[in-house]
*Asks:* 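This is the structure I have questions about; it appears just below.
Here is the naming used below: chain letters follow the sequence lines, and residue numbers restart at 1 for every chain. These numbers come from a predicted model, not from an experiment.
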Amino acid sequence: MSSKPSIPKGTRDFSTEEMLKREYIFESIKQIFRLYGYQPIETPAIENLPTLLGKYGEEGDKLLFRILNSGDFLSSLTDDDLAKREYSKLSSRICEKGLRYDLTVPFARYVVQHRDEIVFPFKRYQIQPVWRADRPQKGRYREFFQCDVDVIGSDSLLNEYELIRIIDDIFKKFRISTVIKINNRKILAGIADYIGESGRIIDITIAIDKIDKIGIGNVKSELSSKGLSDEAISSLQPFLQLSGDTSDKLASLSKLLFESEAGMKGITELQALFAYIESSPLTCDVELDLTLARGLNYYTGAIIEVKSKDVSIGSICGGGRYDNLTGVFGMEGVSGVGISFGADRIYDVLNQLDLFNDLKGSSTEVLIVNFGENETKYALKILDQLRGMEVKSELFPDAAKLKKQLSYADSKKIPYIIIAGEEEISKNTITIKIMSSGEQKSMPLDKLSSFVNEEIKRS
RNA sequence: GUGGAUGUAGUUCAGUAGGUUAGAACGUCGGAUUGUGGUUCCGAAGGUCGUGGGUUCGAGCCCCAUCUUCCACCCCA
């Protein structure tokens with residue numbers, strides 16, 4: 001019974017070339033996280049299902065990968081249970097575990113579970129894969145890596161500001177031009193208060209979110225199909241028509257929302273955050289976007305989303321503040337903020353924009369030509385010397401034709417070739433060929449280290 | 001989860017109304033050049049046409065199923 005090997009939909013293998021690029025992404029992000037004082041943790045790929053369920057909204061629960069119990073998972077069920085065919089009830093009895101859906105919820109669980117070991121505010125980063133049973137599309141995978149940074153146990157808006165700086169640093173490093181969109185859930189709650197539909201924040205924000213895509217008219221009809229009254233919808237009108245720059249918008253908002261405590265709080269928070277942003281040297285565009293909603297249920301304050309200006313691939317980074325995520329695990333009153341970078345989408349953007357050029361440094365710098373058994377000893381000595389000087393180097397394993405060895409170097413973009421055959425050995429010299437110019441230099445073997453220092457290390 | 005497209009050498013794609021041995025370009029390998037790559041010239045290898053059924057004298061092409069990828073919705077990194 002042999003079938004063609006395959007991998008599940010929405011998952012991928014990564015080649016050596018791809019992994020070099022991916023590792024470059026992870027390393028760069030990690031470096032910047034550390035620069036800001038964040039420290040790594042990891043959590044298991046699988047969590048107990050109750051940890052995950054109900055944290056991401058109805059849609060999120062559907063997209064959770066559940067893990068069937070091992071052994072006879074039917075043993076606890078009666079025929080009657082099966083006959084009822086209530087899949088959600090059944091699944092919670094035959095699946096105790098699930099694959100994690102994001103890194104924020106497992107992090108909240110971690111914080112509660114380890115609260116006695118943690119010093120607050122706790123700044124951590126976490127780079128691990130997550131899984132979603134979504135239908136795959138471009139830039140949308142069922143297994144993908146998130147790179148999360150969160151700080152938990154601090155209400156300060158300085159944290160939000162710091163995250164904006166991290167975003168700016170990371171995309172500056174990658175040379176991706178981006179827009180950072182910011183909003184605040186408290187303002188959205190204030191709007192819901194204002195139109196007299198406090199309980200419907202999520203429906204309202206999801207609908208508002210689509211304004212750019214489907215237009216005001218369709219947003220309204222969607223809201224009315226969700227059961228909002230006509231007067232509620234028409235009193236929404238002023239919010240959809242705000243104009244001017246960020247401070248104009250915030251000013252008109254505070255006129256509209258002055259009666260809503262939540263709304264005013266949201267406005268003050270955003271004013272403070274934008275005050276920090278305005279006096280800082282950001283290279284990204286930052287804008288207040290009242291249509292930004294984000295579906296994740298647990299956000300309560302700032303919400304942040306980052307988009308590439310040049311590639312349309314959804315958001316490449318997103319996050320926000322959650323005031324009570326740890327509350328559901330029994331630890332009240334601890335607020336956190338965090339963002340998540342989508343490594344796979346960043347990869348797609350960098351690839352599409354051909355921005356991986358400066359990765360040459362990650363492959364071999366020197367290739368030593370193999371002339372055969374008699375010359376090998378001499379070559380190995382050179383190789384040891386190079387590696388001793390931390391020069392990435394390799395000896396071609398076979399005594400293939402020079403042409404073959406040079407084109408190997410060419411395809412691997414190896415910049416320097418050392419040729420040491422019979423002639424060189426007899427004179428105790430080496431020949432170095434510089435691939436970019438074709439130029440060749442002959443020198444005594446003991447001059448190699450100074451060549452390395454002056455030419456190779458410098459470039 | 002709903003609706004719609006797609007699938008042909010390693011890669012990007014041709015493939016005419018269903019008719020012999022399925023083509024090109026690029027890449028790979030070999031040679032021109034026995035110690036000199038990236039240019040050029042010559043040559044070669046490489047495909048059970050996504051998979052499984054069906055219609056037909058005959059299927060890459062038509063029908064059905066299935067998988068993949070992609071697009072829209074939903075949602076999101």
Side-chain angles (χ1 to χ4, degrees), chain A residues 2-12 15 25 29 56-64 87 101-104 127-148 167 202 205-207 209-210 213-214 218 222 292-297 299 303-308 312-320 338-349 367 369-372 375 396 399-425 431-440 442:
Chain A
S2 78
S3 56
K4 269 199 177 159
S6 64
I7 56 176
K9 181 199 307 213
T11 65
R12 297 147 301 153
S15 67
I25 292 175
I29 289 177
Y56 309 106
E58 212 178 306
E59 194 67 25
D61 284 356
K62 273 194 251 167
L63 298 179
L64 274 171
Y87 93 97
Y101 179 91
D102 74 354
L103 300 177
T104 308
I127 298 178
Q128 289 190 274
V130 303
W131 294 268
R132 294 181 189 178
D134 208 349
R135 182 173 287 201
Q137 255 179 59
K138 195 193 196 73
R140 175 178 296 201
Y141 307 101
R142 291 185 140 186
E143 176 184 64
F144 60 96
F145 272 76
Q146 289 194 326
C147 312
D148 271 41
I167 293 171
I202 292 178
T205 53
I206 286 175
D209 193 24
K210 291 184 213 157
K213 253 187 197 167
I214 62 177
N218 290 323
E222 180 165 330
L292 175 62
R294 296 190 63 77
L296 256 32
N297 274 359
Y299 292 125
I303 41 185
I304 300 166
E305 191 165 287
V306 183
K307 290 201 163 178
S308 156
S312 113
I313 197 170
S315 61
I316 49 181
C317 176
I339 48 171
S340 180
F341 292 81
D344 302 80
R345 286 186 179 174
I346 291 173
Y347 179 98
D348 290 342
V349 171
L367 176 78
V369 172
N370 186 326
F371 282 104
E375 291 86 353
F396 197 85
K401 285 182 184 166
L402 233 201
K403 177 187 165 69
K404 162 80 187 163
Q405 301 192 41
L406 285 175
S407 51
Y408 170 83
D410 194 57
S411 67
K412 271 188 86 173
K413 298 200 169 62
I414 299 174
Y416 299 97
I417 308 296
I418 290 184
I419 299 170
E422 217 180 326
E423 241 175 80
E424 285 87 355
I425 294 173
T431 298
I432 296 184
K433 182 181 176 79
I434 300 166
M435 292 297 270
S436 57
S437 61
E439 184 193 354
Q440 282 187 197
S442 188

*Asks:* Base, sugar-phosphate, or nothing for A:C147, non-hydrogen atoms under 4.0 angstrom?
*Replies:*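 It contacts nothing in the nucleic acid.
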*Asks:* How close do A:I303 and A:L292 get, heavy atom to heavy atom, and via which atoms?
*Replies:* CD1-O, 3.5 Å
*Asks:* Please figure out whether A:T431 or A:A133 has its closest RNA chain B nucleotide nearer the 5' end.
*Replies:* A:A133
*Asks:* A:Q146 and side-chain contact (heavy atoms from CB on, under 4.5 Å): which partner among A:I127, A:V130, A:I339?
*Replies:* A:V130
*Asks:* With the threshold set at 4.0 Å, does a side-chain nitrogen-carboxylate oxygen contact exist between A:D344 and A:R12?
*Replies:* yes
*Asks:* Just the rounded figure in Å: distance from P of B:C75 to CG of A:L64.
*Replies:*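 Distance check: A:L64 CG to B:C75 P gives 17 Å.
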*Asks:* From the options B:A77, B:C74, B:U69, select the nucleotide whose nearest atom is closest to the side chain of A:E59.
*Replies:* B:C74
*Asks:* Could you work out the separation of B:C26 and B:A17 based on their C1' atoms and round it to a whole Å?
*Replies:*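 Going atom to atom, C1' in each nucleotide, I get 32 Å.
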*Asks:* Taking CD from A:Q137 and P from B:U68, how many angstroms apart are they, rounded to a whole number?
*Replies:*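 For the pair A:Q137 CD and B:U68 P, the rounded distance is 15 Å.
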*Asks:* Side-chain donor-acceptor pair under 3.5 Å between A:E424 and A:T431, yes or no?
*Replies:*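 The criterion, which ignores hydrogens and geometry beyond distance, is satisfied for A:T431 and A:E424.
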*Asks:* Using the P atom as the point on both nucleotides, what is the distance between B:G52 and B:C67, in whole Å?
*Replies:*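 Nearest-Å result for B:C67 against B:G52 at atom P: 15 Å.
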*Asks:* Grab the CH2-C1' distance between A:W131 and B:C76 for me, whole Å please.
*Replies:*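 Value for this atom pair: 17 Å.
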*Asks:* Establish, with yes or no, whether the OP1 or OP2 oxygen of B:G31 is under 4.0 angstrom from a side-chain nitrogen or oxygen of A:K401.
*Replies:*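 Affirmative; the distance criterion is met.
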*Asks:* Report which part of the nucleic acid A:G60 touches: base, sugar-phosphate, or nothing (heavy-atom distance under 4.0 Å, all strands).
*Replies:* nothing
*Asks:* What's the verdict on side chain to side chain donor-acceptor pair (under 3.5 Å) for A:T104 and A:D148, showing C-alpha distance, side-chain angles and the deciding distance?
*Replies:* CA-CA 8 Å; A:T104 308; A:D148 271 41; 3.3 Å; yes
*Asks:* Using the P atom as the reference point in each nucleotide, state the distance between B:G46 and B:G53 in Å, no decimals.
*Replies:* 26 Å
*Asks:* Does the side chain of A:I432 come within less than 4.5 Å of A:Y416's, by heavy atoms?
*Replies:*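 Answer yes - side chains close enough.
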*Asks:* Could you tell me whether A:I316 contacts a base, only the sugar-phosphate backbone, or nothing, with contacts defined as non-hydrogen atoms closer than 4.0 Å?
*Replies:*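 Sugar-phosphate, backbone atoms only, no base.
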*Asks:* For a quick test of reading the model: is some side-chain N or O of A:Q440 closer than 4.0 Å to OP1 or OP2 of B:U36?
*Replies:*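 No, no such contact exists.
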*Asks:* Give me the distance, rounded to whole Å, that separates B:U40 from B:U8 when you measure between the C1' atoms they each carry.
*Replies:* 31 Å
*Asks:* B:U34 C1' sits how many Å from A:L402 CG, rounded?
*Replies:* 11 Å
*Asks:* Please report, rounded to the nearest Å, how far the P atom of B:U2 is from the CG atom of A:L63.
*Replies:* 13 Å
*Asks:* Rounding to the closest angstrom, what is the interatomic distance between B:G50 and B:G43 at atom C1'?
*Replies:*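 The same atom, C1', in both gives a distance of 32 Å.
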*Asks:* Please report the distance, rounded to the nearest Å, between NZ in A:K404 and C1' in B:G38.
*Replies:* 15 Å
*Asks:* Regarding A:R142 and A:D134, does a basic nitrogen lie under 4.0 Å from an acidic carboxylate oxygen?
*Replies:*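 A:D134 and A:R142: not salt-bridged.
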*Asks:* B:A59 and B:U51: how far apart are their P atoms, nearest whole angstrom?
*Replies:*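 It works out to 15 Å between them.
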*Asks:* Please report, rounded to the nearest Å, how far the P atom of B:U36 is from the CD atom of A:E423.
*Replies:* 12 Å
*Asks:* Do A:K403 and B:U36 have a side chain to base donor-acceptor pair shorter than 3.5 Å?
*Replies:*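 Not at all, since no donor on one side and acceptor on the other fall under 3.5 Å apart.
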*Asks:* Atom CD1 of A:I7 to atom P of B:U51: distance rounded to whole Å?
*Replies:*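 Distance, rounded to whole Å: 18 Å.
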*Asks:* From C-beta outward on A:L406, which listed nucleotide comes closest to its side chain: B:G35, B:C75, B:G37?
*Replies:*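 So the nucleotide nearest the side chain must be B:G37.
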*Asks:* Taking the nucleotide of RNA chain B with the closest heavy atom to each, which residue, A:K138 or A:S315, is nearer the 5' end?
*Replies:*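 First, find each residue's nearest nucleotide; the 5'-ward one identifies A:K138.
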*Asks:* Under 30°, 30 to 60°, or over 60°: which ring-plane class applies to A:Y56 and A:Y101, parallel, tilted or perpendicular?
*Replies:*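 A:Y56 vs A:Y101 ring planes: tilted.
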*Asks:* Side chain of A:R132 only, heavy atoms from C-beta on: which candidate in B:G35, B:C76, B:C71 is closest?
*Replies:*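 Closest nucleotide among those given: B:C76.
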*Asks:* Heavy atoms only, 4.0 Å cut-off, all strands: where does A:Y408 land among base, sugar-phosphate and nothing?
*Replies:*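 Counting heavy atoms under 4.0 Å across all strands, no contact is made by A:Y408.
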*Asks:* Heavy atoms only, 4.0 Å cut-off, all strands: where does A:G372 land among base, sugar-phosphate and nothing?
*Replies:* nothing
*Asks:* Would you say A:E422 has more than 12 foreign heavy atoms packed within less than 6.0 Å of its CD?
*Replies:*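 Incorrect, the count does not exceed 12.
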*Asks:* Identify whether any heavy atom of A:I419 sits under 4.0 Å from a base atom; if not, whether one sits that close to sugar-phosphate; answer base, sugar-phosphate or nothing.
*Replies:* base
*Asks:* So what does A:S308 hit on the nucleic acid, given a heavy-atom distance under 4.0 Å: a base, only sugar-phosphate, or nothing?
*Replies:*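 The residue A:S308 makes no contact with any strand.
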*Asks:* I'd like to know if A:Q405 reaches the base of B:U36 with its side chain, counting only an N/O donor and acceptor under 3.5 Å.
*Replies:* no
*Asks:* Provide the closest heavy-atom pair for A:I417 versus A:M435 in the form atom of the first, atom of the second, distance.
*Replies:* CG1-SD, 3.6 Å
*Asks:* Which dot-bracket string fits RNA chain B when only Watson-Crick or G-U wobble pairs with both atom distances under 3.5 Å count, crossing pairs get [ ], and | stands for a partner on a different strand?
*Replies:* (((((.(..((((.....[...)))).(((((.......))))).....(((((..]....)))))).)))))....
*Asks:* Base of B:C70, side chain of A:R135 - is there a donor-acceptor contact under 3.5 Å?
*Replies:* no
*Asks:* Pick the P atom in B:A45 and in B:G30, then give their distance to the nearest Å.
*Replies:*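 Their P atoms lie roughly 15 Å apart.
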*Asks:* For B:G35, does the base pair up with any side-chain atom of A:E424 as donor and acceptor (N or O, under 3.5 Å, distance only)?
*Replies:*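 Check passes, donor-acceptor contact within cut-off.
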*Asks:* Let's test your reading of the model: under 3.5 Å, does the base of B:G38 pair with the side chain of A:D410 as donor and acceptor?
*Replies:*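 No such pair is found, so the answer is no.
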*Asks:* How far does the P atom of B:A25 sit from the matching atom of B:U33, given to the nearest Å?
*Replies:* 25 Å
*Asks:* Give one of base, sugar-phosphate or nothing for A:G421, where a contact means two heavy atoms less than 4.0 Å apart.
*Replies:*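 Answer is base: heavy atoms of A:G421 come under 4.0 Å of a base.
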